[in-house]
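Every value quoted in this text rests on a predicted model; they were computed, and no experiment measured them. The figures that follow rest on heavy atoms only: side chains count, while hydrogens, waters and symmetry mates do not.
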Amino acid sequence: MTQTLFTNANLVLDGFADLQPSFNVLVKDNRIVSVSAEPFSAPEATVVDAGGRTLMPGLIDAHAHITGLSLTPKNIAYPAAEIAIASANYLRNCLMDGYTTIREAGGADHATARLLAEGHIVGPRLFYSGKALTQTGGGADFRTPDEAIDPCGHIGPFSNMSVIADGTAEVRKAAREELRKGATQIKLFASGGVVFPAEGHATRYEFSVEELEAVVEEATARDTYVMAHVYTDEGVRRCLKAGVRSIEHANFVTEDTVAMMADYHAFYVPTFISLVQRVESAAETHLPPTIVDTLQRTIARGRQVYGWARKHKVPVGFGTDLWGPEAQKAQLREFEMRQDLDPPADILHSATVTNAELLMEKGTLGVIAEGAYADLLIVDGNPLQDLGVLMNPQKNLKFIMKDGVVYKNELTATTHEP
């Protein structure tokens with residue numbers, strides 16, 4: 001049994017708006033076993049003196065995509081080996097930025113999870129959706145009107161992130177297939193997007209109510225849930241009535257629908273940085289002005305929805321929705337996007353405690369508490385007051401532990417307690 005004792009640490013503790021000073025935290029193997037303001041002895045432990053720095057839970061990104069090589073999810077032309085390398089790099093960079101857990105929202109699968117579990121690649125804990133479900137002509141059907149079949153002669157969405165399914169029998173089978181392959185939740189597209197298709201107009205809703213209910217039923221049978229890409233008011237309402245638990249984006253809903261999210265105990269996961277990043281790169285990627293205008297309007301409306309969510313006490317998650325290795329570099333900027341929408345402590349709560357509850361890991365992820373997994377960061381500064389601390393990991397992130405394993409240590413040499 002390996003033991004690590006953190007001493008002289010100022011803790012980010014759930015339920016406290018301020019850092020809690022001078023705590024000691026003992027880790028045995030991959031779990032936290034003691035959190036105390038009183039000194040205690042652990043003779044077999046390796047001691048990590050935090051030196052008065054902040055000890056906090058690892059960050060959680062609840063909406064990530066690791067299989068992209070560019071901004072477009074239409075990636076069928078890319079060799080599988082290149083996608084695998086990009087995924088491995090994405091995961092490593094996530095972890096080194098302080099994300100010890102991600103929920104992958106379409107594209108990652110059991111093969112990536114196995115590589116992580118066996119230590120062949122390094123990265124965060126991975127909650128993967130497998131292939132997202134989309135209807136013919138839906139938000140993740142990336143075919144142009146001239147593309148009926150993929151290069152292998154199959155009807156497919158021209159992306160490895162999704163699968164086309166129509167009718168209750170097909171969507172039920174598609175959901176069962178992803179669950180069979182180990183998906184930890186099911187992702188579906190319940191409306192169009194704001195970048196694809198090129199016209200930039202989100203479909204009002206996708207999938208029938210019966211189709212949505214069938215997917216939710218299959219997820220529930222495996223004690224898990226459904227997350228839905230959905231931008232529109234009618235789309236969100238249909239998802240809620242069908243039992244969808246996690247509402248992604250939702251930029252064009254009304255306040256009444258936000259209140260409905262609260263009534264249905266759903267989670268709301270906005271993703272601002274992906275939209276901002278596309279606007280910033282529009283000239284380079286040759287996005288049409290109409291799409292850029294749509295993106296800017298989407299950002300503005302999303303900020304309004306965020307305020308309504310806080311007003312109605314909807315649990316607000318933290319996601320990024322970034323595609324490709326270059327885009328991943330902006331993953332921590334989601335904190336920047338929210339700085340004028342919420343106090344730092346509340347934003348950090350979204351990226352830890354709320355996201356853990358969303359992932360059905362309440363008390364085991366996103367917190368420093370007895371019984372929780374040892375996913376821990378040590379940073380210079382106080383992120384409860386200044387999120388800029390987290391946005392400069394090269395300077396401020398001194399220590400990374402995931403599942404009890406140390407992946408970065410820039411503190412003074414650790415020693416065994418005498």
Side-chain angles (χ1 to χ4, degrees), residues 1-16 19-61 91-92 94-102 116-119 122-127 348-349 351-353 355-357 359-384 389-390 393 396-418:
M1 177 183 293
T2 61
Q3 299 184 43
T4 305
L5 175 62
F6 296 90
T7 63
N8 194 22
N10 297 332
L11 296 197
V12 173
L13 284 180
D14 186 26
F16 295 89
L19 290 178
Q20 300 303 295
S22 302
F23 264 74
N24 303 291
V25 175
L26 180 63
V27 170
K28 290 185 179 180
D29 292 333
N30 67 338
R31 296 274 186 165
I32 297 170
V33 297
S34 181
V35 180
S36 176
E38 300 298 324
F40 58 85
S41 177
E44 302 301 319
T46 296
V47 177
V48 178
D49 184 354
R53 297 177 180 87
T54 298
L55 179 65
M56 59 177 284
L59 303 173
I60 303 171
D61 185 343
L91 289 166
R92 174 179 283 276
C94 283
L95 182 60
M96 300 316 292
D97 280 345
Y99 289 98
T100 54
T101 298
I102 63 168
L116 278 169
E118 294 175 355
V122 169
R125 295 175 183 276
L126 179 64
F127 290 75
L348 189 57
H349 192 271
T352 52
V353 177
N355 273 358
E357 186 174 353
L359 271 54
M360 304 178 80
E361 292 287 348
K362 183 177 180 180
T364 57
L365 294 178
V367 292
I368 298 178
E370 293 181 9
Y373 288 113
D375 294 358
L376 300 167
L377 311 176
I378 296 178
V379 297
D380 276 334
N382 183 354
L384 293 176
V389 168
L390 301 178
N396 298 319
L397 182 52
K398 303 300 183 182
F399 185 96
I400 301 171
M401 172 180 279
K402 188 207 79 177
D403 206 34
V405 177
V406 177
Y407 290 90
K408 180 179 181 180
N409 186 359
E410 293 184 353
L411 302 176
T412 55
T414 58
T415 60
H416 289 283
E417 193 177 62

* **Euclidean distance, L59 CG relative to T100 OG1, rounded to 0.5 Å** => 6.5 Å
* What's the verdict on side-chain contact (heavy atoms from CB on, under 4.5 Å) for N30 and V405, showing C-alpha distance, side-chain angles and the deciding distance? -> CA-CA 7 Å; N30 67 338; V405 177; over 6 Å; no
* Derivation and outcome, side-chain contact (heavy atoms from CB on, under 4.5 Å), residues L55 and F23 -> CA-CA 9 Å; L55 179 65; F23 264 74; over 6 Å; no
* Of all heavy-atom pairs between P21 and N10, which one has the smallest distance, and what is that distance? -> CA-OD1, 3.1 Å
* What distance separates L377 CG from Y99 OH, expressed to the nearest 0.5 Å? -> 11.0 Å
* What are the two closest non-hydrogen atoms of N382 and T54, and how far apart are they? -> CA-OG1, 4.2 Å
* Supply the atom-to-atom distance H349 NE2 to N355 CG, rounded to the nearest 0.5 angstrom. => 10.5 Å
* **Validation row: C94, D61 side chains within 4.5 angstrom (heavy atoms)** => no
* Asked: Which residue pairs pass the salt bridge (charged side-chain N to carboxylate O under 4.0 Å, His left out) test when at least one of the two sits in residues 359-376, sequence neighbours left out?
  -> R125-D375
* **Interatomic spacing from CD1 in I60 to CZ in F127 - rounded to 0.5 Å** => 8.0 Å
* Validation row: L91, V122 side chains within 4.5 angstrom (heavy atoms) -> no
* N409 side chain vs F399 backbone, donor-acceptor pair below 3.5 Å -> no
* **Min side-chain heavy-atom separation T46-L5 under 4.5 Å** => no
* L411 and D49, any side-chain heavy atoms less than 4.5 Å apart -> no
* **All side-chain hydrogen bond (donor to acceptor under 3.5 Å, both in side chains) counterparts of S22, not counting sequence neighbours** => none
* Structure fact -> Rounded to the nearest 0.5 angstrom, the CG-OG distance for L11 and S36 is 10.0 Å
* Does the K398 side chain pair with the main chain of D380, one donor and one acceptor, at a distance under 3.5 Å? -> no
* After noting the C-alpha distance and the side-chain angles of T352 and V367, does the key distance pass the side-chain contact (heavy atoms from CB on, under 4.5 Å) rule? -> CA-CA 7 Å; T352 52; V367 292; over 6 Å; no
* Asked: Are V406 and V48 side-chain neighbours, meaning at least one heavy-atom pair lies under 4.5 Å?
  -> no
* R31: partners by side-chain hydrogen bond (donor to acceptor under 3.5 Å, both in side chains), with sequence neighbours left out -> Y373
* To do: Just do the side-chain contact (heavy atoms from CB on, under 4.5 Å) check on I32 and L26 with the steps written out, would you?
  => CA-CA 6 Å; I32 297 170; L26 180 63; over 6 Å; no
* **Smallest separation among heavy atoms of A356 and L365, with atom names** => CB-O, 3.1 Å
* Do the side chains of L348 and L384 get nearer than 4.5 Å, heavy atoms only? -> yes
* Would you name the heavy atoms of P393 and M96 that are closest together and state the gap between them? => CB-O, 4.1 Å
* Any donor-acceptor N/O pair, K408 side chain to L397 backbone, under 3.5 Å -> yes
* Atom CG of L116 and atom CG of L95: how far apart are they, to the nearest 0.5 Å? -> 9.5 Å
* **Non-hydrogen side-chain atoms of L376 and F6 separated by less than 4.5 Å** => yes
* Do V12 and L19 have side chains that get closer than 4.5 Å, going by heavy atoms? -> yes
